[in-house]
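Structure, as structure tokens:
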Amino acid sequence: MLSRVAENLYWLGRYLERAEDTARLIQVSRHVMLDFPGAAVMGWSSLINITGSHELFDEHYGKRDEASVLAFLCADRRYGGSIVSALAAARENLRTTREVMPREVWEEINQLYHSVTEQVSRGIAMRRMDGFLKSVIRGCQTVTGMIIGTLSHTPARTFIGIGCYLERADMTTRTLDVRSANLLPRTPGDLTPFENLQWMGVLKSLSAYQMYRQQMRHRVRGPDVVAFILKDHLFPRSINRCLMDLHRNMYSLPRNGEACAVVTALQNRLESVDAGWLAGSADDLHRFVDDLQVGIGEIHDVIKSTWFAGVDEPAPVIST
Amino acid sequence: MSRIEWSDYACSGLYDELLTEGGVPREAALELCRYLASLSAQEVAELKSAAEVAIQVMGITFTVYSDGNMIDRAWPFDIVPRIIPLAEWQRVEAGLKQRVHALNLFIDDLYHDQRIIKDGVFPAELLEQSVNFRPQCVGVSPPHGIWAHICGSDLVRDKDGTIYVLEDNLRIPSGVSYMLENRNVMKRVMPEMFETGRIMPVDDYPAQLYDMLAAMSPRPGDVPSIAIMTPGIYNSAYFEHAYLAQQMGVDLVEGSDLIVGTDDCVYMRTIDGLKRVDVIYRRVDDLFIDPEAFNPESMLGVRGLMRAWRAGNVALCNAPGAGVADDKVVYAFVPKIIKYYLGEEAIVPNVPSYLCMYDEDRRYVLDNLDKLVVKPANESGGYGMLVGPHSTAGQRAEFADRIKADPRNYMAQPTLMLSAAPTLCAEGIEPRHVDLRPFILSSGSDTYVTTGGLTRVALVKGSLVVNSSQGGGSKDTWIVDTEGA
């Protein structure tokens with residue numbers, strides 16, 4: 001497979017996941033905030049922090065109210081992580097790799113992009129916001145489902161998967177970081193109902209609430225939530241699970257040694273960290289999440305240098 | 001949409017590909033004409049929309065630019081095929097093989113001894129002024145002496161039924177994917193017509209193309225590594241590049257995917273590392289393939305590609321410099337070129353041509369601009385032409401000035417009354433002008449001609465311009481064996 005094609009597919013996976021995760025994040029944030037409107041202003045502001053886009057946002061918008069934040073995250077083409085931009089980027093990446101992809105996948109992304117662009121250009125009324133977000137999530141899932149169901153287990157599929165899992169891990173770390181910032185430090189086990197709601201909000205932002213209840217079998221507590229999001233092996237959006245899936249995909253590729261080692265190193269850090277200790281201190285959790293973000297950046301770099309070799313650094317010649 | 005009544009079909013004063021004057025079907029078209037006449041108005045409409053749906057579902061598009069945006073348009077297609085009897089086609093096929101054989105000898109000669117100039121058959125000043133002659137190619141001997149591996153020659157038929165070669169496209173001719181897809185559409189919408197087995201198949205082209213490309217490999221014996229090099233998704237023929245890559249199972253590369261090593265071999269960047277490339281079917285104009293040898297600004301090319309080609313480490317198809325024979329002025333010399341190299345008369349004639357570089361011809365052209373078609377030597381796609389009978393006095397005056405300023409760059413031909421074929425238009429079935437572009441593959445040991453080719457049709461009433469960029473469409477082309485009937 002050509003490096004350029006592999007790189008485009010990797011970004012296709014990342015942008016598709018980014019569009020879906022952004023929609024999920026907004027959707028769940030709205031539900032949580034409706035439960036305690038007093039925290040609303042702080043809540044909308046935190047969405048901008050999660051996406052790491054505060055500089056761009058503050059440059060173009062006066063205040064971090066619901067309407068501005070939603071317009072920015074859903075429809076602003078100046079922001080590369082907005083739903084519209086992410087879908088546009090996914091579509092562009094697929095356009096140049098159409099020949100390796102089942103035709104229906106292209107048609108589906110194309111249709112999703114056009115339908116989202118159209119809804120956004122008409123303006124989304126607040127009461128239709130939920131429907132809009134659902135249609136984005138469902139559209140992305142349809143595309144993902146088609147890829148899973150129709151694309152052979154070739155490197156094409158592997159690179160889409162790698163992009164998707166890395167993006168998901170990245171989004172999870174961001175969500176955990178920002179959503180827990182104002183909850184800590186607290187004494188484990190000593191939760192007010194309000195805090196309980198907020199930790200539930202963290203779980204719900206990651207669509208993790210139900211799975212948490214099933215697996216943890218007790219009430220929502222800070223240390224358990226942190227442990228679940230960081231370390232769980234079974235929940236598909238936990239950072240550990242994302243890294244496991246990432247590793248599994250990379251392992252099927254040629255010359256995977258260095259890249260797999262970088263992923264394993266990050267997994268080891270995750271496994272060895274004390275979640276109870278992190279849940280006890282906002283600063284420590286924040287520092288650890290920073291470390292994870294650096295690790296995710298390193299994974300991206302090693303993927304790039306191994307398989308997408310740039311113009312100035314040719315990869316080793318293979319004998320034919 | 002109404003029923004098709006051949007007795008109402010008015011096609012007088014021109015040669016119709018399917019019917020003789022008076023609405024009587026030609027022998028090879030008899031079955032088709034009967035079939036079409038048997039359909040109800042409803043069925044005709046259904047046939048047309050079935051073809052439109054097939055084209056949309058199959059994703060057959062061509063790309064146009066509009067306001068800086070790229071738009072994929074559905075390929076305009078007419079469901080009434082154009083039919084040529086097998087016996088007539090076999091003569092045309094022999095003529096095309098003869099022509100391309102001679103052109104390859106001519107190009108090879110121009111880049112070596114230039115015997116044809118020394119022998120006074122081809123004027124030296126024409127070569128000196130040629131914009132497609134590449135000094136970088138002098139002395140290079142590509143495998144088997146083949147420069148124009150893939151040629152697309154445009155054929156037209158005049159009022160009296162004579163088929164002429166109108167031009168030879170030796171640089172990067174396109175359209176063959178539409179020929180293949182047109183047949184796929186027709187097999188979906190008119191399967192009953194194919195059951196008789198008298199329509200010759202066209203679908204072995206990708207296999208033939210693959211074999212020809214493989215035969216050019218500098219490392220015979222191995223399974224060759226072949227790539228199609230495209231300028232990218234914004235090129236109007238990107239659909240075709242991707243289509244052919246898919247059909248042949250080869251890589252579709254852009255310039256940035258390739259790198260020339262210090263060993264002067266070409267490699268592509270893959271997830272396994274660098275992989276050697278043996279043959280490149282380049283769909284990038286030769287001036288842009290290598291910023292080191294040609295246009296230094298080119299972002300589409302690969303630095304060092306010409307070095308690798310000259311060293312014989314990679315085959316380029318078509319070879320750089322092949323375009324020297326793809327020039328509307330050189331065209332006029334093709335009958336002489338055939339005679340010179342092969343000692344034969346041209347089997348398929350040229351359209352009579354006037355070269356403005358010659359005083360006598362130029363005087364005639366300037367005096368008869370209203371009757372002639374004037375073409376610049378090096379434009380393609382129907383751009384920069386003057387169609388005399390359809391021109392204004394102002395346009396003629398402008399062309400007269402241009403011809404006087406640069407006579408070498410212009411040639412003129414009488415306005416042919418291009419043949420027509422019945423075409424399903426909004427108002428019903430009407431004659432529309434058509435041409436034909438067959439594709440010829442040359443590997444040195446073998447020459448292959450497509451069975452028929454791409455029939456292009458001017459969808460606008462009375463128009464002679466068949467280019468898809470200017471309102472043209474296409475039809476399926478049937479070579480029909482009437483012997484077994």
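Throughout, protein chains are lettered first and strands after them, A, B, ... in sequence-line order, and every chain is numbered starting at 1.
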What heavy-atom pair brings B/Ile271 and A/Ala6 nearest, and what distance separates the two atoms?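 Distance-wise, the nearest heavy atoms are CG2-CB, 3.5 Å.
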Under 6.0 Å from the CD atom of A/Glu258, do we count more than 12 heavy atoms belonging to anything else shown?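 Counting neighbours around CD of A/Glu258, 12 or fewer heavy atoms of other residues, nucleotides or ligands fall under 6.0 Å, so no.
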Does atom OH (A/Tyr251) have a neighbourhood of more than 12 heavy atoms from anything else shown, all under 6.0 Å?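 No.
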Please classify the contact of A/Leu2 with chain B as side chain, backbone, both or neither, using a heavy-atom distance under 4.5 Å.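 Both parts, heavy atoms under 4.5 Å.
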Counting only N and O atoms by type, is there a donor-acceptor contact under 3.5 Å from the side chain of A/Arg255 to the main-chain atoms of B/Asp272?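 Checking the backbone N and O of B/Asp272 against the side chain of A/Arg255, a donor-acceptor pair under 3.5 Å is found.
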Mind checking the OG1-CH2 spacing from B/Thr270 to A/Trp307? Nearest 0.5 Å is all I need.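 Going from the OG1 atom of B/Thr270 to the CH2 atom of A/Trp307 covers 12.5 Å.
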Are A/Glu92 and B/Ile233 side-chain neighbours, meaning at least one heavy-atom pair lies under 4.5 Å?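 Touching, per the 4.5 Å side-chain cut-off.
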For a quick test of your reading: what N or O donor-acceptor pairs under 3.5 Å do the side chains of residues 242-253 of chain B make, sequence neighbours left out?
from     : atom 1 : to       : atom 2 : distance (Å)
B/Tyr243 : OH     : B/Glu181 : OE1    : 3.4
B/Gln246 : NE2    : A/Glu99  : O      : 3.4

